[in-house]
Novice: 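Structure below; questions to follow.
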Amino acid sequence: MADVVVWLGGPPGVGKSTVAERLARRHGLRRYHADTRTWAHRDRALAAGHPAAVRFEALSPAERWAAPVPDLLAMSLHHERGRMATDDVRALPPAPLAVAEGTVITPAAVRTLPGRAALWLLPTPELLEKRLVERELEAGPLALYRRIADVIEEEVRASGAPFLTVDTDTATNLTEAVEARWADVLAAAPGAVDRRERRALLREANLAVVAQYTRYFARPWSRGDAAAAKAAFSCECGDTGCAGHVTLAVTELPPTPLLAPGHAVLPG
């Protein structure tokens, strides 16, 4: 397992993924994005015969989203996936430093790994609603995300876990705020040693996106196919200041480093 893992949790839309990616690029960190393990986790729950996972797969998408909010929460496997995420991170290589982020990262799950740095981003009600509205969600997903946000905040506050309140002012400089909280950890546990290793870490994160789509489209009820689906992949130039992305079909990730327009593979 990674010598040190920094855990970043919080509700959907608060900015976890953006912060984690920026920190990973700046510091050469391995990035574990729990969302890219959604279907792998569901397959694990199915193999174990988890009733909510079995019910989820048996229902059509329309039937699922018409279910009451408590049922939606159960079928989301929110707490079960938190434990699966910690299992995933335990299996990571010992170095470099890993940043693990996701809505399913909960204080209860992280408590099983004492001594690790963790932080939860808790948006103000106004910012949460703004971010959810921006996603143009249908009624079912919107109700579920609101409930998950409440569950996360309740658990974080009840457990005394460290958190950062995010409002419209702090959202702009959120990466810097999180970076400041973790300054000692980032200094003590350096990341990738060179650009080659940085590129390998970026490729690892991009392949996780491909795996996520592949598992989704393998489901008999899924719509469309991987060849037609597009995703935003991280530029793999390895430069610490890069923030580039490339949108392409999930089946078209090239074997060579994926580069945003104008970017190049630099020596080292």
Side-chain angles (χ1 to χ4, degrees), residues 2 5-6 8 10 12-40 88 92-93 95-103 121 130-131 134-136 166 170-180 182 186 189-217 224-268:
V5 181
V6 288
L8 190 62
V14 72
K16 303 179 301 299
S17 299
T18 299
V19 170
E21 181 171 5
R22 288 176 179 173
L23 291 179
R25 288 180 183 272
R26 289 180 188 179
H27 299 278
L29 311 182
R30 168 171 279 110
R31 181 159 53 101
Y32 173 88
H33 181 25
D35 279 0
T36 62
R37 273 68 172 184
T38 298
W39 303 108
D88 292 342
L92 294 177
L97 172 66
V99 53
E101 64 88 7
T103 298
L121 306 180
K130 178 177 182 292
R131 293 287 173 80
E134 288 171 350
R135 293 190 172 197
E136 299 181 342
V166 184
T170 57
T172 303
N173 299 310
L174 187 55
T175 302
E176 287 67 28
V178 174
E179 192 172 38
W182 287 342
L186 294 171
V193 297
D194 55 28
R195 288 195 184 94
R196 184 187 300 274
E197 189 174 1
R198 287 175 180 272
R199 289 194 293 271
L201 293 172
L202 289 162
R203 172 53 58 119
E204 182 180 288
N206 282 338
L207 287 174
V209 174
V210 174
Q212 167 77 343
Y213 277 88
T214 301
R215 284 184 178 270
Y216 168 76
F217 287 115
D225 59 77
K230 292 188 176 183
F233 293 94
S234 299
C235 173
E236 298 173 355
C237 69
D239 188 272
T240 58
C242 175
H245 290 87
V246 180
T247 299
L248 73 164
V250 295
T251 56
E252 295 178 357
L253 187 67
T256 55
L258 178 67
L259 302 174
H263 292 224
V265 175
L266 301 175

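This one's a predicted model, so the numbers in the text were calculated from it and none came from an experiment. The first residue of the sequence shown is numbered 1, and numbering continues consecutively from there.
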Novice: Side-chain polar contacts of residues 25-33 - donor-acceptor pairs under 3.5 angstrom, sequence neighbours left out - could you list them?
Specialist:
from: Arg25; atom 1: NE; to: Glu21; atom 2: OE2; distance (Å): 3.3
from: Arg25; atom 1: NE; to: Cys242; atom 2: O; distance (Å): 3.4
from: Arg25; atom 1: NH1; to: Cys235; atom 2: O; distance (Å): 3.3
from: Arg25; atom 1: NH2; to: Glu21; atom 2: OE2; distance (Å): 3.0
from: Arg25; atom 1: NH2; to: Gly244; atom 2: O; distance (Å): 2.7
from: Arg26; atom 1: NH1; to: Glu176; atom 2: OE2; distance (Å): 3.4
from: Arg26; atom 1: NH1; to: Glu179; atom 2: OE1; distance (Å): 2.9
from: Arg26; atom 1: NH2; to: Glu176; atom 2: OE2; distance (Å): 2.7
from: His27; atom 1: NE2; to: Glu179; atom 2: OE2; distance (Å): 2.6
from: Arg30; atom 1: NE; to: Glu204; atom 2: OE1; distance (Å): 3.4
from: Arg30; atom 1: NE; to: Glu204; atom 2: OE2; distance (Å): 2.8
from: Arg30; atom 1: NH1; to: Ala95; atom 2: O; distance (Å): 3.3
from: Arg30; atom 1: NH2; to: Glu204; atom 2: OE1; distance (Å): 3.4
from: Arg31; atom 1: NH2; to: Ser234; atom 2: OG; distance (Å): 3.3
from: Tyr32; atom 1: OH; to: Asp88; atom 2: OD2; distance (Å): 2.6
from: His33; atom 1: ND1; to: Glu101; atom 2: OE2; distance (Å): 2.4

Novice: Looking only at heavy atoms, what is the nearest atom pair of Thr170 and Val166, with distance?
Specialist: OG1-CA, 3.3 Å
Novice: Please give me the minimum heavy-atom distance between Pro96 and Leu201, naming the atom from each residue.
Specialist: CG-CD1, 3.8 Å
Novice: Are more than 12 heavy atoms from other residues, nucleotides or ligands located less than 6.0 Å from atom CD of Glu134?
Specialist: yes
Novice: Donor-acceptor pairs are to be reported for all side-chain atoms of residues 250-267 against protein atoms at under 3.5 Å, with residues two or more places apart or in another chain.
Specialist:
none

Novice: How far does OG1 of Thr36 sit from OH of Tyr213, to the nearest 0.5 angstrom?
Specialist: 11.0 Å
Novice: Of all heavy-atom pairs between Ala231 and Val209, which one has the smallest distance, and what is that distance?
Specialist: CB-CG1, 4.0 Å
Novice: Does any part of the side chain of Val178, heavy atoms only, come nearer than 4.5 Å to the side chain of Leu121, both counted from C-beta?
Specialist: yes
Novice: Picking from Arg195, Arg203, Glu197, what satisfies side chain to side chain contact (heavy atoms under 4.5 Å, CB included) with Arg199?
Specialist: Arg195
Novice: Does any non-hydrogen side-chain atom of Phe233 lie less than 4.5 Å from one of Val210?
Specialist: yes
Novice: Distance check, rounded to the nearest 0.5 Å: Thr214 atom OG1 versus Asp225 atom CG?
Specialist: 11.0 Å
Novice: Does any part of the side chain of Thr240, heavy atoms only, come nearer than 4.5 Å to the side chain of Arg198, both counted from C-beta?
Specialist: yes
Novice: Donor-acceptor check, side chain of Lys16 to backbone of Leu8, threshold 3.5 angstrom: yes or no?
Specialist: no
Novice: If I compare all heavy atoms of Ala249 with all of Ala227, which pair ends up nearest, and what's the gap?
Specialist: CB-O, 3.5 Å
